[in-house]
Amino acid sequence: MGKRISYVVAVLLLFLWGSCRDPFEPEVTNADISLLVVEGYIETNGEESTIYISKTNPIRSGSATLPVIDASVFLISSTGEEWSFSETDSGTYSYTGFFDIQDTYQLGINLTNGKQYLSEPMKPIVTPEINELNFLRDEAGVEIFISTKGTDEAQYFLWDYEEHWIFRPGVISFLKFENGAVSKREPDERIDLCWSSNIFPKIILQNSARFADNTIIQRELVRIPNESEKLTQRYSIKVRQRAIDQATYDFWEILRKNSDDIGGIFSPLPSLIGGNIKAISPETDNAIGYVSIGQSASQRIYIDYEDVQPWRIFIPEYEFCFVLADTIPPNEAVTAFNNIDRVPAREVFDGMFFLGYRAATKKCTDCTLRGTNRAPGFWED
């Protein structure tokens, strides 16, 4: 759920600023009223734990948040043992290790300006395993769902996921123009096959106590609509399941409503969001956000085009892509392809005689403009 709280806080501030029906220019202060935003999950079983720390910007600022750098971030147990987090990126603090699930913990944050924060005591919750992660093809597209079983200690669930998929451009080209000549692309230069991703998905929650025997059956996570490019060739989704306590669940439910349900005249009013990170000194504002600790469960599945076919693909960016009809003689290639927007797409032959090339635009042939031609490290073919 990394950095989601910062985004929702920014959206909420904008909504509060411009939610009236009649247009007007409100008096908005330019004073620095930045709020500390903290978000993260601490894994107890040796996987990487990550804490994100940022500050909100003024409403009229061009960006939503600012990462907080050079903070001292540490975890302390009820027995006094302490672990320090390292800053692995701007505003991102990480630690990899094991923690006793029978103990209680608090996260501490010391900023360079002298302000100090400490979380409320946190008790680790061990997440039940995912019973099933699967998909269903129907008339509306593909539904990806999850099933799990809660316990008396783990009734509230929070899911997040990461999607990755292969897509192709509107015109396939294996040629390149370089150093004044047209040549074949090497395998690592391919622009006809790329990967895209979605790593900031929506908030998904469920209370298993609402169901018989605490069993959650086929909870929808993702809906892939018909014609989506996600199923062009191969798609992968990794789902992470976390059992949380009721206070954490209530926090994320408020955040979900603020991010998903605001927009219409019958939508709920935005709710104030707090968190479990408190300022140590009384003159300092508490932080916004929530940190949890426990052992999560995760699972990955792949879906191939063959699993859902027939699947018609429509990519709006490539709707009007085609190979230009004119043949460019070899002696005119330099002039034709010095234009950075034009790419050699086809070799043209008359029998055994080479006549030249046909071109297409770069945006229609180069998939790296919308993704990467490097497969993710986990990818399986």
Side-chain angles (χ1 to χ4, degrees), residues 1-6 36-54 67-111 116-130 150-151 153-162 199-200 203-205 238-252 255 273-280 286-299:
M1 311 299 290
K3 304 181 181 178
R4 182 196 303 280
I5 296 176
S6 300
L36 189 71
V37 181
V38 182
E39 179 183 0
Y41 186 85
I42 300 167
E43 294 278 3
T44 60
N45 61 346
E47 296 187 10
E48 184 179 47
S49 303
T50 304
I51 306 296
Y52 303 95
I53 307 177
S54 59
V68 173
I69 62 173
D70 298 331
S72 172
V73 180
F74 57 93
L75 187 71
I76 185 169
S77 70
S78 61
T79 59
E81 192 171 0
E82 187 174 311
W83 301 265
S84 296
F85 284 61
S86 300
E87 187 170 10
T88 54
D89 198 359
S90 294
T92 302
Y93 300 83
S94 301
Y95 181 84
T96 301
F98 292 87
F99 304 101
D100 185 355
I101 61 173
Q102 302 302 323
D103 209 343
T104 57
Y105 302 86
Q106 289 179 282
L107 183 78
I109 301 172
N110 296 334
L111 304 185
Q116 297 178 309
Y117 300 82
L118 192 65
S119 76
E120 297 172 350
M122 301 178 292
K123 178 72 175 177
I125 300 177
V126 177
T127 302
E129 290 299 317
I130 296 172
T151 66
E153 295 76 27
Q155 292 185 339
Y156 300 94
F157 289 90
L158 169 67
W159 293 280
D160 63 16
Y161 58 86
E162 294 183 0
I199 57 175
F200 294 103
I203 300 169
I204 305 173
L205 299 160
K238 180 182 180 180
V239 177
R240 182 169 50 187
Q241 175 172 286
R242 291 172 175 169
I244 53 180
D245 60 27
Q246 184 174 357
T248 311
Y249 179 89
D250 293 341
F251 168 84
W252 283 105
L255 202 67
I273 56 178
N276 66 341
I277 309 295
K278 308 301 180 183
I280 292 179
N286 292 327
I288 295 174
Y290 228 97
V291 174
S292 304
I293 185 169
Q295 179 177 318
S296 64
S298 62
Q299 193 170 323

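For Lys278, the NZ atom is densely surrounded, since the number of other residues' heavy atoms within 6.0 Å is greater than 12.
Applying the side chain to side chain contact (heavy atoms under 4.5 Å, CB included) rule to Ser86 yields no partners; only residues at least two apart in sequence or on another chain are considered. Residues forming a ring pair (Phe, Tyr, Trp, His ring centres under 6.0 Å) with Tyr156 (at least two apart in sequence, or on another chain): Tyr249. Scanning for side chain to side chain donor-acceptor pair (under 3.5 Å) contacts around Ser292 gives an empty result, with sequence neighbours left out. Leu36 meets the side chain to side chain contact (heavy atoms under 4.5 Å, CB included) test with Val38, Ile53, Lys55, Val68, Leu111, Tyr117, Ala287; sequence neighbours excluded. For the side chain to side chain contact (heavy atoms under 4.5 Å, CB included) test, residues two or more places apart in sequence or in another chain that qualify with Glu162 are His164, Ile199. Residues forming a side chain to side chain contact (heavy atoms under 4.5 Å, CB included) with Ser72 (at least two apart in sequence, or on another chain): Phe74, Asn110.
Here the CG-CH2 distance, from Leu158 to Trp252, works out to 6.0 Å after rounding to the nearest 0.5 Å. Separation of atoms CG (Asp160) and CZ (Arg240) is listed at 4.0 Å; rounding is to 0.5 Å. Here the straight-line distance linking atom CG of Asn45 with atom OG1 of Thr96 works out to 10.5 Å at 0.5 Å rounding. With rounding to the nearest 0.5 Å, the separation of CG in Asp89 from OG in Ser94 is 9.0 Å. Between the CZ atom in Phe251 and the CG atom in Asn276 there is a gap of 8.0 Å [rounded to 0.5 Å]. Taking CZ of Phe157 as the reference point, atom CD1 of Ile244 lies at 9.5 Å (rounded to 0.5 Å).
The backbone N or O of Tyr105 lies less than 3.5 Å from no partner atom in the side chain of Lys123, so there is not a single donor-acceptor pair. Of the possible polar contacts, none joining the Glu129 side chain to the Ala297 backbone as a donor-acceptor pair under 3.5 Å is found. Looking only at distances, no side-chain donor or acceptor of Tyr290 sits under 3.5 Å from a matching main-chain atom of Gly40. Side chain of Ser119 to backbone of Gln106: no donor-acceptor contact under 3.5 angstrom is found. In this structure, the side chain of Gln155 does not engage the main chain of Gly150 through any donor-acceptor pair within 3.5 Å.
Residues Gly91 and Ile69 approach most closely at N-CG2, 4.1 Å, considering heavy atoms. Residues Tyr41 and Ile125 come closest through the heavy atom pair OH-O, 4.3 Å. Nearest heavy-atom pair, Gly108 versus Leu118, reported as atom, atom and distance to 0.1 Å: CA-CD1, 3.8 Å. In plain terms, the two heavy atoms of Leu107 and Phe85 that are nearest each other are CD1-CE1, 4.3 Å. Among all heavy-atom pairs drawn from Leu75 and Met122, the shortest one is CD1-CE, 4.3 Å. Looking at every heavy atom in both residues, Ala154 comes nearest to Pro128 through CB-CD, 3.8 Å.
Thr104 is not listed as a side-chain neighbour of Ile293, based on a closest heavy-atom distance of 4.5 Å or more. Residues Ile203 and Leu255 have side chains in contact (heavy-atom distance under 4.5 Å, counting atoms from C-beta outward).
Between Tyr95 and Phe99, the ring-plane angle classifies as tilted under the 30° and 60° cut-offs.
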